[in-house]
Structure formats: C-alpha cells, structure tokens
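Fair warning: this is a prediction, and the values are worked out from it, not measured in the lab.
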Amino acid sequence: MVPVVGVLALQGDFEAHAKLLRELGAEPREVRTPAGLDGLDGLVIPGGESTVMTLGIEREGLAEPLRRLAGAGIPVLGTCAGLIMLDRDHLGVMDIAARRNAFGRQVRSFEADLDVAGLEGGPLRAVFIRAPWIEEHGDEVEVLASLDDHPVAVRQGHLMAVAFHPELSGDRRLHERFLAGVA
C-alpha cells in the first residue's frame, strides 16, 4: 500500500518535498485547503516564511483541521518554518518554543553535519536558511540533534520537527525515517 503524504503547499519549498516523497515511494498530495487533509497517512509542513504561512493557514481555515490531524496520531514532519508552525505559539501541537531566525538572517545561512539520534549512516548534512532553533521544550519532547547547544531536531510521539531543510541536502534519510513512521 502506497502511503499518501500531504505537503502543505501554501508557501515555501513544498515541491522539493513532494519530489523526494515520490522518489521514496509515497504518493504526495499538495494541501491547500482542509479538504486536502482527508485520507492522509502523513503530512509535511515545509520551510518558507512563517508569517506568510500563518496568514495562509488562517485564510484557508486550516488551523483547527491541522490540529485535529496531528491529534489523531497522523505523523507530521515540520521543517524550518514548519517547526515554527508546530510550536506552542502557532498550531500548538508540539510542546516546544521556537526562536525565529535564531542563527541570523539570509546571509548567515550555512550547512552543518549533524549527528541525529537513531539515524544510522553517519552525520546528516543539514542546510540552515534563516533557521529557527528550539528555545525550550517540555519533558515529552525528545531532542534528536543540537547545534551550538540549541536543539534543532526534535520528536514528540508521532510529530518530528527540524530547524533545517532536509529536502535540499541530497540526503534522504530523514524523509525515509519519517515515511517509516507513516507506514
């Protein structure tokens, strides 16, 4: 059975996620309205601009349907701005507080090798673009990777959030791990 994985397609790099998911054997679906969430086996909330994404979620009436989807146990992966969307101050589905642009503005973008807990095969190359970090988190949140003593990859049950862009590095392992949870 091929998993159907939604990619929130209001703004950001949703096409790169959809392409990667398709290459890994999933059926990606671009989600722009609440109806697009029906029948999903998983959801990716991509990077982009969190303010624009918040406005799009409000405009399309997606906030409550996204909360219900996450509350129903459907696996969700948030990357960069997607991490921000999952935090306490936005959708409130993860017990994390994100700091926007924590590593600096666009010109301070960088790549780093991260050791991600439970990810075999050596360090993961992570692309940080105007990236957040996690300033604080609750006891139910497992830190999977940190950079400069700041959590940048976390999991809380079926929800995973990373401060970087795994779809840009050429390393498929994070998406493979996510899809393993979807299956």
Q. Can you find a pair of side-chain heavy atoms, one from V162 and one from V152, that are under 4.5 Å apart?
A. no
**Q.** Validation row: V44, L21 side chains within 4.5 angstrom (heavy atoms)
**A.** yes
**Q.** R67 (side chain) donor-acceptor with V93 (main chain) under 3.5 angstrom
**A.** no
Q) For the residue pair L43 and L8, what are the closest heavy atoms and their distance? A) CD1-N, 4.1 Å
Q | 4.5 Å side-chain heavy-atom contact, I134 and V154 | A | yes
Q: Locate the shortest heavy-atom distance separating S50 from A81; write the atom from each residue and the value.
A: N-CB, 4.0 Å
Q. Which word best sums up how the rings of F110 and F103 line up, parallel for under 30°, tilted for 30 to 60°, or perpendicular for over 60°?
A. perpendicular
**Q.** Gap between atom CG of L83 and atom CZ of F164 - 0.5 Å precision
**A.** 10.0 Å
Q) Would you say the side chain of L147 lies within less than 4.5 Å of the side chain of F128, judging by non-hydrogen atoms? A) yes
Q) Do any N or O atoms from the side chain of D95 and from the backbone of H137 form a donor-acceptor pair under 3.5 angstrom? A) no
Q: Please name the pair of heavy atoms, one in P34 and one in G61, separated by the smallest distance, quoted to 0.1 Å.
A: CG-O, 3.4 Å
Q. Checking D171 side chain against R173 main chain: does a donor-acceptor pair fall under 3.5 Å?
A. yes
Q | L77 CG to L174 CG distance, which is reported to the nearest 0.5 Å | A | 6.0 Å
Q.
Rounded to the nearest 0.5 Å, what separates atom CG in L62 from atom CZ in R68?
A. 10.0 Å
(Q) Let me confirm one number: the CG-CE distance from L144 to M160, rounded to the nearest 0.5 Å. (A) 7.0 Å
**Q.** Any pair counted as ring pair (Phe, Tyr, Trp, His ring centres under 6.0 Å), so long as it reaches residues 65-100, sequence neighbours left out
**A.** none
Q: Would you please name every residue forming a salt bridge (Lys or Arg N to Asp or Glu O under 4.0 Å) with E176, sequence neighbours left out?
A: none
Q: Using modelled atom types only, decide if a donor and an acceptor are shared between the side chain of T79 and the backbone of G47 within a distance under 3.5 Å.
A: yes
Q: Give every residue pair that meets the ring pair (Phe, Tyr, Trp, His ring centres under 6.0 Å) criterion with at least one member in residues 13-53, sequence neighbours excluded.
A: H17-H175
**Q.** Close side-chain approach of L119 and R177, heavy atoms under 4.5 Å
**A.** yes
Q: Kindly state each residue pair satisfying salt bridge (Lys or Arg N to Asp or Glu O under 4.0 Å) with at least one member in residues 42-63, sequence neighbours excluded.
A: E49-R100, E49-R130
**Q.** Side chains of M53 and I45 in contact at under 4.5 Å (non-hydrogen atoms)
**A.** yes
Q) When rounded to the nearest 0.5 angstrom, what distance separates CG in L66 from CE in M85? A) 10.5 Å
Q: Please report the closest heavy-atom contact between A163 and P132, naming both atoms and the distance.
A: CB-O, 3.0 Å
**Q.** Heavy-atom closest pair, residues I129 and S109
**A.** CA-OG, 3.4 Å
**Q.** Side-chain donor or acceptor of D41 paired with backbone N/O of V4 under 3.5 Å
**A.** yes
**Q.** Closest contact, heavy atoms only, R32 versus A9
**A.** NE-O, 3.4 Å
Q. What salt bridge (Lys or Arg N to Asp or Glu O under 4.0 Å) pairs are there with at least one residue in residues 114-126, not counting sequence neighbours?
A. E111-R125, D113-R125
Q | Residue pair L40, V5: steps toward the side-chain contact (heavy atoms from CB on, under 4.5 Å) verdict | A | CA-CA 6 Å; L40 292 182; V5 179; over 6 Å; no
**Q.** Selection residues 1-16 - residue pairs positive for salt bridge (Lys or Arg N to Asp or Glu O under 4.0 Å), sequence neighbours left out
**A.** none
Q | Rounded distance (nearest 0.5 Å) linking atom CZ of F178 with atom CG of L159 | A | 9.5 Å
Q) Is the shortest side-chain N to carboxylate O distance from R29 to E27 below 4.0 Å? A) no
